[in-house]
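Structure record follows, encoded as structure tokens.
Since the structure is predicted, the reported quantities are computational estimates derived from the model, not experimental observations. Chain A is the first sequence line, chain B the second, and so forth, proteins listed ahead of strands; every chain is numbered from 1.
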Amino acid sequence: MDQPQHLLVGVAWPYANGEQHIGHIAGAYLPPDIFARFQRMRGKSVLMLSGSDAHGTPITVRAEAEGVSPAEIVDRFHATFVDSYLKLGLTFDLFTHTDTQNHWDVTQQMFRRHLEAGYIYKDSQQQLYDGTAHRFLPDRYVEGRCPFCDSDEARGDQCDQCGRTYEAVELKQPRSRISGNTDLEIRETEHYFLDLSKLQEPLLAWLKDGKTHWRPNVIHFARTQVEQIKLRGRPITRDMDWGVSIPLPDTEHKCIYVWYDAVIGYLSATTEWAQLNNTPEQWRQWWDAKTNPDARIYNFIGKDNIPFHAMMWPAMLIALQDMNLPYDVPANEFLNMYGRKFSKSQGRIISILDVLKRYQADAWRYALTAIAPETSDVDFSWDDFVERVNNELVANWGNLVNRVLGFAYKRWDGVVPTPGALSGQDQGLLDEVRAGFQSAGELYESAKLKAAMNEVRRLSQRANQYLHDAAPWSTIKTDPQQAATSIYVALQVIDWLKILWAPILPHSSQQLHEFLGYDGQLFGRQYTETVKDARGEHLVLRYDNSAAIGTWEPGTLNPGQDLKPPKPLFVKLDEDVAEKETAAASN
RNA sequence: CGCGGGGUGGAGCAGUCCGGUAGCUCGCGAGGCUCAUAACCUCGAGGCCCUAGGUUCAAAUCCUAGCCCCGCAACCA
């Protein structure tokens, strides 16, 4: 087999400066979990990794606004991320954060290797300096009037009004967000730069090579950028104290720029995972091109992150040589709300942690997959959520399970009936659903999750049609053996659909697995742990797949197997849910 | 200004690469079934495929010009 065994599923690192909303989940967090669960059932050696991004000005700005330490902000939101991923069932083999000793080590090591290989140089930059606060003002620490459109709300690096970018020193009437000081001076400051000009050629060669399986929004963007823009040195250090320190002398009050250290998280999380498992060299199975060139690395992200994952990070890896580069970067567009971006400040936000209190995890997994913004921005509305859960998930799949299990349990004393000879109709349904392992499998494999879901839903509709034609509730009165055969076929099909749905609906598939009288867990176990290191301790979310028995193949349901008393898999939502939630959101 | 994505029946989407009777889910209308969470099954109504040109026997699909929406532009998924 030339199928790769080792798959690394990298997930965008969330900034630990606010709660996650359903847009984050639909765009970048749920899709990789569905993909990873599918691949694990295929027997692949999957590592799904991410962590909270602890550094950067969004964190320190918030910390200063609240008068607490950045670490406190990170710990608070990191814990909420872990909590919501547990509840939603996102099976991270490791979800850590970037303020760990391991991440510091890996980042500094990469800095040194880039330096030694000649990809890092030192240069000076002009930056605004706040004499009152005695510090430099990177990025969002400064606001002012936009040099292009005169908006007064312009940030240090970009104007939200007209969208243009510029250097902070170009701002008109700049003011410090720390002290409010408007009497800012321009000072020279020395920084280290990653020399991307040296990487442009190999990066472009890599982007031009193959990539036919990449989504057009990702590959078109990356190619045109690298083709048309002359890449230049980009600063990888900043005048800040909060961040990974620079492994060189005379670098006080400077640290490594967050963009550089955050993407290294994919590598550092792998080594942290390997160390936690006491197999420190295992990371090579995914990253080291000499050890395992067939490993595939996937990066699931939102479209805003395309430049970093399709350009910067690959360039950094190319510079190291002998590292596996991303195999695919399935970036999603955005999930909006009523036509506009989610916005915390404007009260348009649906926190995933909050809504998981009221609705089933699998209901969200279904609805967010159904409307996943795979090719264009998509609008979320509560009406749509209710409609999809009630009229699609409950009506099509949940009801199929309920009608078959309920009938079987009542009429055959809680046991899987023994079938007689199969008719052409029986065989036809079995063949069609069995073929779903191939057809839906290919769609899951290529991360076309919406299409995979449609395929599985089509198959469960076929089962509903079969039942209508076979009408076992009618034949049982005249020909009990034929009714038994129909119900056996339906149960077998449900047993297979359980697997086909499992990547998207792991919780209810497990429940169905048990209703059908099976033991064991289709998937592994999620758990949290506190890890101590030289920088303190940090909470991690982990996943142990060793006891999982779910496999991507049609098993055989044994006649005579004891069923469990069935209950509906999904809660049907009340009519007024949409109204209530919409009202609550606008308060 | 530049770049990327999108514009398909009431809603959400697929189809566009490799032209050939416009497809799916939901909603709506009618009928059927009654095992089932009033769910399920069948049939039906409903579309200038953004616009204007062009290529072609034939264009949602290819070419040209333009319009509209979203995003990116070095980090807000």
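Under the 30°/60° scheme for interplanar angles, the aromatic rings of A:Tyr266 and A:Trp13 are found to stand perpendicular.
The nucleotide B:rG44 finds its pairing partner in B:rC28, both defining distances of the Watson-Crick or G-U wobble pair being shorter than 3.5 Å. For B:rC13, the paired base is B:rG23 (Watson-Crick or G-U wobble, both distances below 3.5 Å).
Sequence neighbours left out, the pairs with a member in residues 298-311 of chain A that pass salt bridge (charged side-chain N to carboxylate O under 4.0 Å, His left out) are A:Lys303-A:Glu333, A:Lys303-A:Asp377. Sorted by first and then second residue, the pairs that involve residues 212-234 of chain A and meet ring pair (Phe, Tyr, Trp, His ring centres under 6.0 Å), not counting sequence neighbours, are A:Trp206-A:Trp214, A:His213-A:Tyr327.
B:rU34 sits 41 Å from B:rC48 when the P atoms are compared, rounded to a whole Å.
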- Nucleotide-resolved protein contact map, nucleotides 6-14 of chain B, B/S/- at heavy-atom distance under 4.0 Å: S-----SSS
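Figure legend: A:Arg234 and A:Tyr257 shown as a cation-pi pair, the cationic atom lying under 6.0 angstrom from the six-membered ring centre and within 45 degrees of its axis.
Using a 3.5 Å distance cut-off with no hydrogens or angles, the side chains of A:Asp261 and A:Thr107 do not pair a donor with an acceptor. Side-chain contact check for A:Tyr260 and A:His114: at least one donor-acceptor pair (N or O, by modelled atom type) lies under 3.5 Å.
Within residues 305-313 of chain A, the residues having any heavy atom closer than 4.0 Å to RNA chain B are, in order of number, A:Asn305, A:Phe308, A:Met312.
A residue-by-residue look at A:Tyr260 and A:Gln225 shows that A:Gln225 has its nearest nucleotide of RNA chain B further toward the 5' end.
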Ignoring hydrogens and angles, write down the donor-acceptor pairs under 3.5 Å from the side chains of residues 484-494 of chain A, residues two or more places apart or on other chains.
unit_1   : atom_1 : unit_2   : atom_2 : d
A:Thr485 : OG1    : A:Gly420 : N      : 2.8
A:Thr485 : OG1    : A:Gln481 : O      : 2.9
A:Ser486 : OG     : A:Gln482 : O      : 3.1
A:Tyr488 : OH     : A:Leu557 : O      : 2.5
A:Gln492 : OE1    : A:Leu557 : N      : 3.0
A:Gln492 : NE2    : A:Gly555 : O      : 3.3

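Ion pairing between A:Arg458 and A:Glu432 holds under the 4.0 Å rule for side-chain N and carboxylate O. A:Lys450 has no carboxylate O lying under 4.0 Å from a charged side-chain N of A:Glu374, or vice versa, which leaves the two without a salt bridge.
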For nucleotides 34-40 of chain B, tabulate all protein N/O to nucleotide N/O atom pairs closer than 3.5 Å, reporting atom names and distance.
unit_1 : atom_1 : unit_2   : atom_2 : d
B:rC35 : O2     : A:Arg403 : NE     : 3.1
B:rC35 : N3     : A:Arg403 : NE     : 3.3
B:rC35 : N3     : A:Arg403 : NH2    : 2.5
B:rC35 : N4     : A:Arg403 : NH2    : 3.0
B:rA36 : OP1    : A:Lys410 : NZ     : 3.3
B:rA36 : O3'    : A:Asn402 : ND2    : 3.2
B:rA36 : O2'    : A:Asn399 : OD1    : 2.6
B:rA36 : O2'    : A:Asn402 : ND2    : 3.3
B:rA36 : N3     : A:Asn399 : ND2    : 3.2
B:rA36 : N3     : A:Arg403 : NE     : 3.2
B:rU37 : N3     : A:Phe570 : O      : 2.8
B:rU37 : O4     : A:Leu569 : N      : 3.3
B:rU37 : O4     : A:Phe570 : N      : 3.0
B:rU37 : O4     : A:Phe570 : O      : 3.0
B:rA39 : OP1    : A:Lys572 : NZ     : 2.8
B:rA39 : O2'    : A:Ala395 : O      : 3.3
B:rA39 : O2'    : A:Asn399 : OD1    : 3.3
B:rA39 : O2'    : A:Asn399 : ND2    : 2.7
B:rC40 : O2'    : A:Arg403 : NH1    : 2.9

